J.: 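The following block contains the structure, expressed as structure tokens.
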Amino acid sequence: MEFSPKLLSSDFFSQKTEKIAADLLGKVLVRRVGNKEISGIIIETEAYLGTQDKACHSHKGLTPRTKVMFGPAGRWYVYLVYGMYYCLNLVTEPEGNPCAVLIRALKPISGVAPSIKADGPGKLCKAFQVNGAFNNKEADNLNSGLYLQGQDISLLPREIKKAKRVGVDYAGERWKNRLLRFYTEKF
DNA sequence: GTCCGGATCTTT
DNA sequence: AAGATCCGGACA
């Protein structure tokens, strides 16, 4: 009982993208590789709001890469940036509304050496051995090897900070300045 | 087929 | 401040 992981339910995934981005703070990402487990608390995320959001990959419509985002919520969207780093996202919103939440930073709990950092979208994927193979896999499935877990603690509103998203200055005034980045200093 | 730029990170 | 490194998307 006390060791059974509490996977996030479909209720969680059916919330609005911005709500999910904020609520993911404090949740635990678990990577199972063989009989080892790598885990960490999510401390920074960003919301990407679909076809109208010029910073969102899906804003140009359905393409091979963005296909996952058009699917149901609760799956992983993993892509390669700058030719060498993977970024891990959680797909949100009902089918046909291609939104996602980028997981930007984790505080490692177990399975990673203290010298290894997970304080950036590319770095956390490296530390957690996340690659394109997880694209379109379910985030609430123990067998996928990469899943989300809830915790009993929940953050107070004032423990959730908001900021502009990183690296999206090309998105135009309206979208580059929106406070769609969420982070906490609690952990 | 060719070209351009990027939801990053490390090193200088 | 610049380099690493390569895929996706636009255009032809």
Side-chain angles (χ1 to χ4, degrees), chain A residues 13 15-27 29 31 38 40-93 96-108 111-137 139 146 148 160-185:
Chain A
F13 298 122
Q15 301 176 101
K16 288 282 187 192
T17 302
E18 290 186 55
K19 180 76 158 44
I20 292 177
D23 282 6
L24 273 176
L25 300 177
K27 299 291 188 295
L29 180 74
R31 170 80 168 94
I38 305 171
I41 302 176
I42 296 171
I43 58 174
E44 185 180 355
T45 63
E46 276 176 3
Y48 285 84
L49 304 184
T51 53
Q52 39 169 11
D53 180 356
K54 290 198 178 112
C56 187
H57 290 162
S58 65
H59 103 270
K60 286 171 182 167
L62 177 62
T63 67
R65 182 170 66 157
T66 62
K67 195 171 189 295
V68 210
M69 280 198 274
F70 283 82
R75 295 191 187 176
W76 297 122
Y77 165 42
V78 183
Y79 68 92
L80 188 67
V81 260
Y82 299 110
M84 58 193 98
Y85 297 104
Y86 287 101
C87 286
L88 176 64
N89 301 251
L90 178 67
V91 174
T92 59
E93 305 289 341
N97 186 6
C99 303
V101 174
L102 171 67
I103 298 178
R104 287 193 58 87
L106 302 168
K107 182 185 170 68
V112 286
S115 59
I116 309 270
K117 291 290 201 317
D119 58 348
K123 287 199 274 184
L124 76 86
C125 284
K126 192 175 179 187
F128 278 60
Q129 298 173 47
V130 171
N131 57 42
F134 291 98
N135 193 50
N136 205 33
K137 295 269 171 57
L146 183 70
L148 291 165
I160 298 175
K161 316 270 190 188
K162 297 176 187 174
K164 294 176 187 177
R165 293 176 293 182
V166 174
V168 296
D169 284 350
Y170 58 83
E173 291 305 311
R174 174 178 159 88
W175 289 100
K176 78 177 191 188
N177 292 321
R178 284 195 56 176
L179 304 181
L180 294 174
R181 179 154 62 99
F182 303 86
Y183 64 96
T184 184
E185 289 155 351

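Bear in mind that the values here come from a model prediction, so they are computed numbers and not experimental data.
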J.: Check the phosphate of B/dA7 against A/H57, side-chain N and O only, distance under 4.0 Å to OP1 or OP2. Yes or no?
T.: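 Answer is yes, contact under 4.0 Å.
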J.: For DNA chain C, determine which residues of residues 170-183 of chain A have any heavy atom closer than 4.0 angstrom to one of its atoms, and list them numerically.
T.: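 Of all residues in residues 170-183 of chain A, none places a heavy atom under 4.0 Å from DNA chain C.
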J.: Just the rounded figure in Å: distance from C1' of B/dA7 to CG of A/L90.
T.: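 After rounding, the gap between these two atoms is 15 Å.
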J.: Any idea which of B/dT10, B/dA7, C/dG9 is nearest the A/M69 side chain?
T.: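 When the side chain of A/M69 is considered, B/dA7 is the closest of B/dT10, B/dA7, C/dG9.
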J.: Measure from NZ on A/K54 to P on B/dG6 and round the result to the nearest Å.
T.: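 Atom NZ in A/K54 sits about 15 Å away from atom P in B/dG6.
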J.: Output yes when A/R165 and A/E46 qualify as a salt bridge under the 4.0 Å nitrogen-oxygen rule, no when they do not.
T.: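 Answer for the salt bridge query: no.
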J.: Could you tell me the separation between the CG atom of A/L62 and the P atom of C/dG8, rounded to a whole number of Å?
T.: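 Whole-Å distance recorded here is 14 Å.
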J.: What is the separation between atom CD on A/E46 and atom P on B/dA7, rounded to the nearest whole Å?
T.: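 That distance rounds to 10 Å.
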J.: For A/K123 and B/dT8, what is the distance between atoms NZ and P respectively, to the nearest whole Å?
T.: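 Result: 12 Å.
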J.: Using a heavy-atom distance cut-off of less than 4.0 Å, which residues of residues 77-86 of chain A contact DNA chain C?
T.: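 Only A/L80, A/Y82, A/G83, A/M84 qualify.
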J.: Using a strict threshold of under 4.0 Å (side-chain N to carboxylate O), is an ion pair present between A/K27 and A/D23?
T.: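 No.
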J.: Return the value, rounded to whole Å, for the distance between atom CG of A/L124 and atom C1' of B/dA7.
T.: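 Atom-to-atom, A/L124 to B/dA7, this comes out as 12 Å.
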J.: For A/R165, which contact category applies under a 4.0 Å heavy-atom criterion: base, sugar-phosphate, or nothing?
T.: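 Answer is nothing: A/R165 stays at 4.0 Å or more from every strand.
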J.: Would you check if there is a donor-acceptor pair between the side chains of A/S58 and A/T66 at a distance under 3.5 Å?
T.: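 No pair is found: no donor N or O on one side chain lies under 3.5 Å from an acceptor on the other.
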J.: Using a 3.5 Å cut-off on both pairing distances, which stems of three or more Watson-Crick or G-U pairs include DNA chain B?
T.: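 Stem list for DNA chain B: B:1-6 with C:6-11, B:8-11 with C:1-4.
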J.: Output the rounded distance in Å from NZ (A/K126) to P (B/dT10).
T.: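 My rounded result for the distance is 7 Å.
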J.: Could you give the CG-to-C1' distance, from A/D119 to B/dT8, as a whole number of Å?
T.: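 The answer, rounded to whole Å, is 12 Å.
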